[in-house]
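Here is the structure we will look at.
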Amino acid sequence: MDDEILRNLSLKMEGLNIEGTLEGVKRALNEGIPPLEILKKGLSPAMDRIGQRFDRKEYFLSELALAGHIMKKAMDLLDPHFASSHERRLGRFLIGTVKGDLHDIGKNIVCTMLTGAGFEVYDLGIDVPDEKFLKKALEIQPDFVGMSSLLTTTMLNMKSVIKLFQEKGIREKVYIFVGGAAVTRAFADEIGADGYAKDALECTQKAKHWIKVRKRNF
Ligand code: B1M
């Protein structure tokens, strides 16, 4: 039953049917399907297929933009179900999509899950210049700096942010996380990031783990 609801929702999303998608999300929530399942089995696979259709020239930029719009509306419905109340702040997480890249749906999901887990999240948004990451980091002294990139053309901007942090002598003070569809663990290692996560759940789990390990070391 749950699988059928999610399959149906995924097809509505792939077909860029805004009403059908939002109805599907509401129905899944009403049936008690966890928001992460709705995302992983319903919405995200549809976004992948939309990307493939764009590659095959069945969809064009206007369809990608519409997909982004529908996904944001769907996330508005899911967001409150991710959040949980935490008295204690686990740590500060500064995050943004690197310069030249306008994709923010995945990053926003990462923000939602980190906030839900108890992190204090500072979101710099999209197309973030290197200097802006630095300026905010100096101001708020975060435990983590997270960068997202979906484009192979912009992922190298992660490296220049790390280099800038090195030049200013604050590289070792923060744990640098990278992620996004274009990024791999090998790339993360190559540019000298501390952590890589394939999705929002892994990012949140790894951040929680690192905070625990660090506290034990002090
Ligand atoms: Co664009 N786009 N897009 N797009 N777009 C992709 C990324 C692409 C793979 C589509 C394709 O060709 N198959 C392709 C990139 C190819 C490449 O570089 N290898 C592409 C392209 C080419 C482009 C343009 C260049 C198109 C053009 O103009 N000709 C252009 C670039 C604009 C720019 O950024 N300068 C462009 C534009 C757009 C829109 C603006 C129209 C729209 C974005 C709307 C928005 O974000 N507000 C859009 C969309 C919607 C997509 C696809 C279809 C979907 C992206 C998405 O939201 N996925 C995408 C195809 C795809 O990725 N399958 C595509 C769902 C989201 C939940 O996943 O963002 O990967 P994702 O996030 C995941 C993980 O990656 C991870 O957690 C998230 C969920 O758990 N994660 C992190 C993300 N950030 C993390 C950070 C972390 C850790 C984990 O630590 C800090």
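In each ligand, atom 1 is the first atom listed, and ligand 1 is the first ligand listed.
- Near G146, with a cut-off below 4.0 Å to any heavy atom, the atoms of ligand 1 are 91 (C).
- Remark: E14 engages R53 in a salt bridge, criterion side-chain N to carboxylate O under 4.0 Å.
- Taking all atoms of both residues into account, the shortest heavy-atom contact from L90 to A117 is CD1-O, 3.4 Å.
- Between atom 61 (C) of ligand 1 and the options I50, L43, D48, V110, the minimum heavy-atom separation is to D48.
- Near M147, meaning under 4.0 Å from one of its heavy atoms, ligand 1 places the atoms 86 (C), 91 (C).
- At the top of the distance list for atom 79 (C) of ligand 1, counting protein heavy atoms only, stands A200 N, 4.0 Å.
- For ligand 1 and D101, the ligand atoms under 4.0 Å from any heavy atom of the residue are 34 (O).
- For the pair D123 and K107, the salt-bridge criterion is met [side-chain N within less than 4.0 Å of a carboxylate O].
- Residue D55 touches ligand 1 through its side chain alone, judged by heavy-atom distances below 4.0 Å.
- Between K206 and E202, at least one side-chain N (NZ, or NE/NH1/NH2) sits under 4.0 Å from a carboxylate O, which counts as a salt bridge.
- Cation-pi contact between R171 and F165: absent, since separation from the ring centre below 6.0 Å together with deviation from the ring axis within 45° is not met.
- Atom 45 (C) of ligand 1 has as its closest protein heavy atom D104 OD1, 3.4 Å.
- Remark: minimum distance from atom 34 (O) of ligand 1 to any protein heavy atom is reached at L102 N, 2.6 Å.
- Contacts with ligand 1 closer than 4.0 Å are made by no heavy atom of L201, backbone or side chain.
- Checked for salt-bridge contact, D143 and R214 meet the test: a charged N lies under 4.0 Å from a carboxylate O.
- Of the polar atoms of H103, at least one N or O is found under 3.5 Å from an N or O of ligand 1, judged by distance alone.
- Taking atom 73 (C) of ligand 1 as the reference point, the nearest protein heavy-atom neighbour is G106 CA, 4.1 Å.
- Summarising the local packing, CD of E58 is surrounded by more than 12 heavy atoms from other residues, nucleotides or ligands at distances under 6.0 Å.
- The nearest non-hydrogen atom to atom 60 (C) of ligand 1, considering only G51, S149, A65, comes from G51.
- Contact detail for I105 and M47: the closest heavy-atom pair is CD1-CE, 3.8 Å.
- Taking only non-hydrogen atoms, the option from L150, L61, V98, I105 nearest to atom 69 (O) of ligand 1 is L150.
- Within the listing of ligand 1, atoms 47 (N) sit less than 4.0 angstrom from a heavy atom of K72.
- Residue S44 has no nitrogen or oxygen atom sitting less than 3.5 Å from a nitrogen or oxygen atom of ligand 1, judged on distance alone.
- Checking atom 24 (C) of ligand 1 against the protein gives no heavy-atom contact under 4.0 Å.
- A side-chain donor from one of D130 and S160 sits under 3.5 Å from a side-chain acceptor of the other.
- When hydrogens are left out, the protein atom nearest atom 53 (C) of ligand 1 is L64 CD2, 3.3 Å; that is the closest non-hydrogen contact.
- For V174 against P142, the heavy-atom pair with the smallest separation is CG1-O, 3.3 Å.
- Residue A67 has no nitrogen or oxygen atom sitting less than 3.5 Å from a nitrogen or oxygen atom of ligand 1, judged on distance alone.
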Next on the checklist: Applying salt bridge (charged side-chain N to carboxylate O under 4.0 Å, His left out) to K163 and E167, what does each step give before you reach the verdict?
Outcome noted: CA-CA 6 Å; K163 192 160 167 268; E167 284 164 8; 3.4 Å; yes
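- Classified by interplanar angle (parallel below 30°, tilted 30° to 60°, perpendicular above 60°), the ring pair F144/F177 is tilted.
- In summary, E139 and K135 do not engage in a salt bridge, as defined by a charged side-chain N under 4.0 Å from a carboxylate O.
- Residue contact annotation: K198 has a non-hydrogen atom under 4.0 Å from ligand 1.
- Contact annotation: the side chain of L16 approaches that of I50 to within less than 4.5 Å [non-hydrogen atoms, C-beta and beyond].
- Interface atoms of ligand 1 facing D199, defined by a heavy-atom separation under 4.0 Å, are 76 (C), 77 (O), 80 (O).
- For ligand 1, the polar-atom distance check finds no N/O of F93 at less than 3.5 Å from any of the ligand's N/O atoms.
- Comparing heavy-atom distances from atom 85 (C) of ligand 1 across A181, G179, A188 singles out G179 as nearest.
- If you number the atoms of ligand 1 from 1 as listed, the ones under 4.0 Å from a heavy atom of G180 come out as 75 (O), 81 (N), 82 (C), 83 (C), 84 (N), 85 (C).
- Closest to atom 58 (N) of ligand 1, if we only count protein heavy atoms, is M47 CB, 4.0 Å.
- Residue F54 approaches ligand 1 through these ligand atoms, each under 4.0 Å from one of its heavy atoms: 11 (C), 12 (O), 26 (C).
- Looking at I33 and L6, their side chains come closer than 4.5 Å, going by heavy atoms from C-beta outward.
- Around atom 20 (C) of ligand 1, the closest heavy atom drawn from T152, I176, L151 belongs to L151.
- Listed by atom number, the atoms of ligand 1 under 4.0 Å from I109 heavy atoms are 67 (C).
- For atom 89 (C) of ligand 1, the closest heavy atom belonging to the protein is A197 O, 3.4 Å.
- Counting heavy atoms from C-beta outward, D127 and T97 have side chains that stay 4.5 Å or more apart.
- Residue, atom and distance of the protein heavy atom nearest to atom 35 (N) of ligand 1 are G100 O, 2.9 Å.
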